[in-house]
Amino acid sequence: MDHTLPPPATATDRERRQWLIATGVAGGVAAAATAVPFVSTLAPSERARSLGAAVEVDIAGLAPGATRIVEWRGKPVWIVRRTPEMLAALQQASTADLVDPDSRREQQPAYAQNATRSVRPEVFVAIGICTHLGCSPTAVPAGSNNPGLPADWPGGYFCPCHGSKFDAAGRVFRNQPAPTNLEIPPHRFASDTLLVIGEDAAA
């Protein structure tokens with residue numbers, strides 16, 4: 001049996017081993033760094049889901065008179081918890097000055113064809129985009145000193161870009177740039193406090 005020992009490693013051999021080890025470690029780190037972003041792209045982002053899928057919203061904490069805005073398909077959706085006073089004002093409002101008081105035109109689901117334009121009177125859900133040129137109206141309560149609104153303004157929504165006016169149910173007033181009421185998106189209640197935007201009850 002040959003018991004001859006291998007020759008001792010030279011300085012050049014040791015340097016070569018160190019370079020091989022360092023290169024292997026760097027390659028492993030680079031592979032891991034590349035894999036993490038790749039794997040993360042497989043999971044849909046919140047924005048991706050909002051662009052296509054239905055959006056679930058817990059409205060348990062939405063106080064009376066408050067508005068919450070969520071995104072669905074790239075659009076802002078208003079969720080308003082109406083107060084008894086807001087509902088009373090809607091019931092008493094005159095419809096003579098409205099273009100489409102019964103919401104019979106396009107993009108109006110059956111549950112928008114009533115005075116409150118909602119599945120539940122106390123919860124108003126609408127897309128917050130003016131039907132004129134896509135600007136964003138703002139909520140203006142009754143008694144506001146807004147110079148763009150009449151002194152007897154009953155409360156509702158006003159688009160400062162071109163002056164379109166909508167009542168508190170999103171119905172457009174006559175002789176405004178906006179041709180139709182604010183759009184009501186498909187929505188349903190999965191429970192007393194869980195709102196699903198993007199699906200009808202029949203879905």
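These numbers come from the heavy atoms of this one structure, side chains and all, not from hydrogens, waters or symmetry mates. Here the structure is a predicted model, which means the values were calculated and not measured.
For the atom pair OG of Ser191 and CD of Glu56, the computed distance is 9.0 Å after rounding to the nearest 0.5 Å. Atoms CZ and CZ, from Arg117 and Arg171 in turn, are 7.5 Å apart once rounded to the nearest 0.5 Å. For the atom pair CG (Leu182) and OG (Ser164), the distance works out to 9.5 Å, reported to the nearest 0.5 Å. Here the CG atom belonging to Asn181 is positioned 8.0 Å from the CZ atom belonging to Phe166, to the nearest 0.5 angstrom. Here Arg188 contributes atom CZ and Ile197 contributes atom CD1; the two are 11.5 Å apart, rounded to the nearest 0.5 Å. The structure places CG of Leu62 at 11.5 Å from OG1 of Thr193, a figure rounded to the nearest 0.5 Å.
When side chains are defined from C-beta on, Ser136 does not count as touching Tyr157, because their heavy atoms never get closer than 4.5 Å. Side-chain contact between Phe189 and Val123 is present, with heavy atoms from C-beta onward closer than 4.5 Å. Counting heavy atoms from C-beta outward, Gln113 and Asp102 have side chains that stay 4.5 Å or more apart. The shortest side-chain heavy-atom distance between Asp167 and Pro154 does not fall under the 4.5 Å cut-off.
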- [ ] Please test Ile184 against Phe124 for side chain to side chain contact (heavy atoms under 4.5 Å, CB included), starting from the C-alpha separation and ending with a verdict.
- [x] CA-CA 9 Å; Ile184 304 298; Phe124 179 53; 3.8 Å; yes
Open item on the list: Applying salt bridge (charged side-chain N to carboxylate O under 4.0 Å, His left out) to Asp192 and Arg120, what does each step give before you reach the verdict?
Closed with: CA-CA 10 Å; Asp192 287 342; Arg120 294 182 181 175; 3.7 Å; yes
TODO: Given side chain to side chain contact (heavy atoms under 4.5 Å, CB included), test Glu183 with Ile129 step by step and report yes or no.
DONE: CA-CA 8 Å; Glu183 183 182 353; Ile129 297 177; over 6 Å; no
Open item on the list: Before you tell me yes or no, could you show the steps for Ile79 and Thr67 under side chain to side chain contact (heavy atoms under 4.5 Å, CB included), namely the whole-Å CA-CA distance, both residues' side-chain angles and the distance that decides it to 0.1 Å?
Closed with: CA-CA 5 Å; Ile79 305 170; Thr67 298; over 6 Å; no
- [ ] Start with the C-alpha distance between Val125 and Leu195, add both sets of side-chain angles, then the distance that settles side chain to side chain contact (heavy atoms under 4.5 Å, CB included), and finish with yes or no.
- [x] CA-CA 10 Å; Val125 182; Leu195 177 66; 3.8 Å; yes
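In this structure, Arg73 contributes its side chain and Ala54 its backbone to no donor-acceptor pair below 3.5 Å. A donor-acceptor pair under 3.5 Å links the side-chain atoms of Arg81 to the main chain of Ile59, judged by distance alone. No side-chain donor-acceptor contact under 3.5 Å links Asp58 to the backbone of Leu194. Remark: side-chain polar atoms of His132 are not paired, donor with acceptor, to backbone N or O of Cys130 under 3.5 angstrom. Remark: side-chain polar atoms of Ser103 are paired, donor with acceptor, to backbone N or O of Ala112 under 3.5 angstrom.
At a threshold of 4.0 Å, the pair Arg174-Asp100 does not count as salt-bridged, since none of the basic side-chain nitrogens sits closer than that to a carboxylate oxygen. One finds no salt bridge joining Glu122 and Arg82 here, because no Lys/Arg side-chain nitrogen approaches an Asp/Glu carboxylate oxygen to under 4.0 Å.
Shown here for Pro137 and Cys135, the closest heavy-atom pair between the two residues is CD-O, 3.4 Å.
Under the 30°/60° scheme for interplanar angles, the aromatic rings of Trp153 and Phe173 are found to be tilted.
When hydrophobic clusters are built by joining Ile, Leu, Val, Met, Phe, Trp and Tyr residues whose side-chain heavy atoms come closer than 4.5 Å, directly or via intermediates, Trp72 is grouped together with Val70.
In this structure Thr116 satisfies the side-chain hydrogen bond (donor to acceptor under 3.5 Å, both in side chains) test together with Asn114, Ser118, sequence neighbours excluded.
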Identify all side-chain donor-acceptor contacts of residues 84-98 below 3.5 Å with residues at least two apart in sequence or on another chain.
from  : atom 1 : to    : atom 2 : distance (Å)
Glu85 : OE1    : Thr83 : OG1    : 3.4
Ser94 : OG     : Ala96 : N      : 3.4

Could you pull out every donor-acceptor pair under 3.5 Å between side chains of residues 140-150 and any protein atom, sequence neighbours left out?
from   : atom 1 : to     : atom 2 : distance (Å)
Ser144 : OG     : Asn146 : N      : 3.1
Asn146 : OD1    : Gly148 : N      : 2.8

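Remark: the Asp200 side chain and the Tyr111 side chain contain an N/O donor-acceptor pair separated by less than 3.5 Å.
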